[in-house]
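Remarks on the structure that follows.
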Amino acid sequence: QVQLVESGGGLVQAGGSLRLSCEALGPTSRSATRSWFRQAPGKEREFVAGIRLNGGHTYYRESVKGRFTISTDNAKNTLYLQMDSLRPEDTAVYYCALDNRLILSSLRVAEHYDYWGQGTQVTVSS
């Protein structure tokens with residue numbers, strides 16, 4: 001069983017930056033996939049960014065490319081999301097997710113992840 005503990009959300013003005021963290025407590029496979037999703041009010045949960053621990057390949061949704069950076073500190077078993085040039089449309093609850101056996105084609109599909117963080121609110125004011 002894996003527990004994911006998130007931190008780092010908050011309120012920021014448009015153009016500002018935030019960094020989210022997600023510590024994994026419990027066994028994590030070296031081939032695990034770790035990702036960030038977000039959900040705005042009245043909308044479905046959507047993929048933001050993901051990283052495959054085996055090889056370090058990263059993946060982003062189109063609207064955050066060049067602004068967000070996903071990374072890991074394997075020694076701390078922690079996932080990060082550095083968010084720069086934030087926009088009001090980035091406002092949402094952000095969730096980290098982990099799966100120890102995810103295939104690449106399922107990377108962007110929330111239903112395929114076994115473990116989730118509690119969510120952290122990110123609000124970007126205009």
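Throughout, residue positions are numbered sequentially from 1 according to the sequence presented. None of the values given here were measured: they were computed from a predicted structure.
- The salt bridge (Lys or Arg N to Asp or Glu O under 4.0 Å) contacts involving residues 95-109 comprise Arg101-Asp114, where partners must be two or more places apart or lie in separate chains.
- Residues Leu107 and Leu102 come closest through the heavy atom pair CA-CD2, 3.7 Å.
- Once rounded to the nearest 0.5 Å, the distance linking SG of Cys22 with CH2 of Trp116 reads 10.5 Å.
- Taking the side chain to side chain contact (heavy atoms under 4.5 Å, CB included) definition, one finds that Thr72 meets it with Ile51, Leu53, Asn74, Leu79, sequence neighbours left out.
- The structure places OG of Ser35 at 8.5 Å from CG of Leu98, a figure rounded to the nearest 0.5 Å.
- Linking Ile, Leu, Val, Met, Phe, Trp and Tyr whenever their side-chain heavy atoms come within less than 4.5 Å puts Val64 and Val12 in one cluster.
- Contact detail for Ser17 and Ser85: the closest heavy-atom pair is OG-N, 4.4 Å.
- The structure places OG1 of Thr69 at 6.5 Å from CG of Asp84, a figure rounded to the nearest 0.5 Å.
- Closest approach of Ser106 and Tyr113 over heavy atoms only: O-CE1, 4.1 Å.
- Glu6 places a side-chain N or O within donor-acceptor distance of the main-chain N or O of Gly119, the cut-off being under 3.5 Å.
- Rounded to the nearest 0.5 angstrom, Tyr94 OH and Gln39 CD are separated by 12.0 Å.
- When the side chain to side chain contact (heavy atoms under 4.5 Å, CB included) test is applied to Thr78, the partners found at least two apart in sequence or on another chain are Ser21, Glu23, Lys76, Tyr80.
- Residues Thr28 and Asn77 meet the side-chain proximity criterion, which asks for heavy atoms closer than 4.5 Å.
- In this structure, the ring of Phe47 has its center no less than 6.0 angstrom from the ring center of Trp36.
- With hydrogens and angles disregarded, a donor-acceptor distance shorter than 3.5 Å links the side chain of Tyr60 to the backbone of Ile70.
- Applying the salt bridge (Lys or Arg N to Asp or Glu O under 4.0 Å) test to every pair with at least one member in residues 87-98, sequence neighbours left out, gives these pairs: Arg38-Asp90, Arg67-Asp90.
- Summarising the geometry of Ala32 relative to Asn100, their closest heavy-atom pair is CB-OD1, 3.5 Å, with the distance given to 0.1 Å.
- Shown here for Arg34 and Leu4, the closest heavy-atom pair between the two residues is NH2-CD2, 4.0 Å.
- Residues Ala92 and Ala40 approach most closely at CB-N, 3.9 Å, considering heavy atoms.
- A distance of 8.5 Å separates CZ of Arg45 from CZ of Phe37, quoted to the nearest 0.5 Å.
- Contacts of Tyr95 classified as ring pair (Phe, Tyr, Trp, His ring centres under 6.0 Å), with partners at least two apart in sequence or in another chain: none.
- A distance-only check finds no donor-acceptor pair linking the side chain of Ser31 to the backbone of Asn54 [under 3.5 Å].
- With sequence neighbours excluded, the residues that form a side chain to side chain contact (heavy atoms under 4.5 Å, CB included) with His57 are Tyr59.
- In this structure a side-chain-to-backbone donor-acceptor pair under 3.5 Å is present from Thr120 to Gly9.
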* Please assess Gln121 against Thr91 for the test side-chain contact (heavy atoms from CB on, under 4.5 Å), listing each intermediate value before the final yes or no. => CA-CA 8 Å; Gln121 177 69 47; Thr91 295; 4.0 Å; yes
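- Here Cys96 contributes atom SG and Leu20 contributes atom CG; the two are 9.0 Å apart, rounded to the nearest 0.5 Å.
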